[in-house]
Amino acid sequence: MENKSPFYDQIEAFLTGRLTPAEQDAMRKALPDDPELAREVELRRLEFDVSESLIAENIRQQMQRLRSEPPPEKPPEKKNLVALILIAAVLLITAIGVYRRQQRAPEPPPAPAPATSPTNPATDPVPAAAPQATHPPARDNKPAPAGQQNRYLALAAELYQNPVFETLRGPASGAADPLETALAAWQKQDYAAVVTALQPVAATDPQYWRAMTFTAHAQFKLKRFGQAARGFAAIADGKIQPWAEDADGYVLLAMLADGQSDTAAFRARLEKVLADPGHPWFDLAGKIQSRLPK
Amino acid sequence: MGTSRSVAEQTHRTLKNPGARTDEQIIQALLGSIPQREEVFAYLYRSSGWREWVVQHVCLEGGDEPAGADVFQETLILFDRNIREGRFREDSSLQTYFLGIAKQYWFNRRRSIRPQSLPLEYERPDHHHPEHITLQNERQHMINQILQAMGEHCKKVLELYKLSMTNEEIARELGLSSPEMAKKYTYRCREKFRAFVLGRKDIVEHLDIRSYYGK
């Protein structure tokens with residue numbers, strides 16, 4: 001359609017009041033003298049109303065959907081909040097007590113242990129030949145901060161899984177096999193004896209990584225979490241599979257129990273596992289992450 | 001003065017509710033895409049506190065909760081249109097502006113429900129005279145007839161066009177292959193609207209453009 005005056009381009013601005021007062025006035029004066037312009041203004045006004053009616057209908061529909069939503073749960077009032085905090089504190093203390101009692105209770109018996117060939121055990125809980133680069137710092141002698149540390153300790157205990165002992169056995173068996181001796185001691189929950197039995201195993205021994213793994217577990221049971229963490233870290237960093245990958249999860253638990261969850265080393269190890277959805281400890285790492293403060 | 005009061009109100013509100021949106025954020029969302037608009041409507045309904053205020057006001061002024069919910073909804077529609085058409089002059093906070101519309105709306109609606117003496121603080125708009133209401137009803141009936149004739153796609157196009165969506169946004173919303181297609185489609189729908197209206201004598205008469213009809 002041919003527009004006969006510049007006013008045709010200004011109809012929309014006129015209808016929404018976006019013209020200057022002078023332009024608005026000029027348009028108003030032009031309408032009686034220009035019937036076609038007046039018709040265009042009325043048509044556009046009707047189009048606006050039709051469109052606005054559609055927009056309004058959409059808003060009404062959205063409001064209807066929102067009204068049919070279940071009401072949001074109200075946050076607890078202050079009085080209730082205090083009561084909830086008290087209940088949570090009592091539950092936490094009870095949980096810690098139960099956990100400690102469980103730690104003193106006898107372990108379920110492991111699988112029967114055939115003897116393996118004896119080797120030279122190392123004397124250090126973490127053999128000297130183990131890689132040292134990213135080992136966690138020793139914290140065994142530091143007193144654990146009460147609240148948070150107890151929570152992490154409980155979390156580590158909750159997530160800890162007893163190793164499958166069959167994988168720790170060597171191919172040979174014999175009365176003097178340190179692994180066999182260690183397994184027998186494990187059955188008796190004599191974890192100090194496990195560590196002692198495995199000390200002579202040298203780094204050159206084919207059983208070395210088995211002995212390392214077993215020793216680190218024994219240290220964990222002895223609540224020497226720092227030593228356990230260093231042992232598992234050495235295995236993880238040794239990159240000898242399957243020991244290394246298996247140790248990735250335990251080193252996290254040992255560091256957590258040792259109060260190292262706020263360290264860069266812990267975060268780095270956690271992120272390493274979380275970055276690999278195929279990692280056997282991926283789910284465990286997710287659980288740990290979900291329980292740590294953001 | 002209005003601006004500094006508005007800033008103080010917003011600061012107070014943000015301190016009380018850290019998730020609160022600023023007036024600028026609300027306006028930008030109302031002028032934004034369809035998802036942005038829907039999100040801000042949900043925010044205004046759920047978290048702004050405006051709905052609760054409106055319902056409370058209506059209940060105190062002789063209404064009930066469903067009436068309050070309805071007033072909130074219709075106020076939101078008027079408020080949204082005013083913002084989009086640049087009628088908000090920013091001489092108060094958006095909240096004050098919204099609540100002002102709600103009060104006016106409820107007052108006008110009550111007058112048509114039950115005539116009573118008018119409090120001084122309210123305006124007396126002329127467009128709520130019975131004659132005007134009759135004309136409005138006729139116009140709404142006409143609009144409904146046009147909507148029935150337009151078809152779903154064209155209705156959507158008219159809505160998006162009125163929301164000042166770009167051709168890209170219209171293409172995306174309607175699943176069209178290109179902005180160029182959206183442009184053509186918009187033109188066709190607006191022509192369809194025009195042809196339908198000019199083809200209906202009763203509508204043309206209502207619009208008082210019969211002298212031009214048939215030219």
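Per chain, numbering begins at 1; letters A, B, ... match sequence-line order. Computed from a predicted structure; not experimentally measured.
For chain B, the nearby parts of A:Ile55 are the backbone and the side chain; heavy atoms of each come within less than 4.5 Å. Proximity to chain A (any heavy atom under 4.5 Å) is shown, for B:Phe41, by both the backbone and the side chain. Heavy atoms closer than 4.5 Å to chain B are found in both the backbone and the side chain of A:Arg45. Only the side chain of B:Arg46 comes within contact range of chain A, with at least one heavy atom under 4.5 Å from a heavy atom of that chain. Using a 4.5 Å cut-off between heavy atoms, A:Arg18 contacts chain B through its side chain alone, with no backbone atom that close. For chain A, the nearby part of B:Met142 is the side chain; its heavy atoms alone come within less than 4.5 Å. For a residue to count as touching a neighbouring chain, one of its non-hydrogen atoms must lie under 4.5 Å from one of that chain's; by this rule B:Asp80 touches chain A with the side chain only. Of the two parts of A:Gln62, only the side chain, counted from C-beta on, holds a non-hydrogen atom closer than 4.5 Å to a non-hydrogen atom of chain B.
The pair A:Arg269-A:Asp237 counts as a salt bridge, with a side-chain nitrogen and a carboxylate oxygen less than 4.0 angstrom apart.
A perpendicular orientation is assigned to the rings of B:Phe79 and B:Phe98, their planes being inclined by more than 60° (bins at 30° and 60°).
With chain B as partner, the option from A:Leu15, A:Leu46, A:Val50 having the largest number of non-hydrogen pairs under 4.5 angstrom is A:Leu46.
Judged purely by distance below 3.5 Å, without hydrogens or angles, the side chains of B:Tyr161 and B:Arg190 pair a donor atom with an acceptor atom. No side-chain donor-acceptor contact under 3.5 Å links B:Asp23 and B:Tyr97.
The aromatic ring centres of A:Phe220 and A:Tyr250 sit 6.0 Å or more apart. When ring centroids are compared, B:Trp53 and B:Phe72 stay outside the 6.0 Å threshold.
Distance CG/A:Leu256 to CG/A:Leu159: 8.0 Å, rounded to 0.5 Å.
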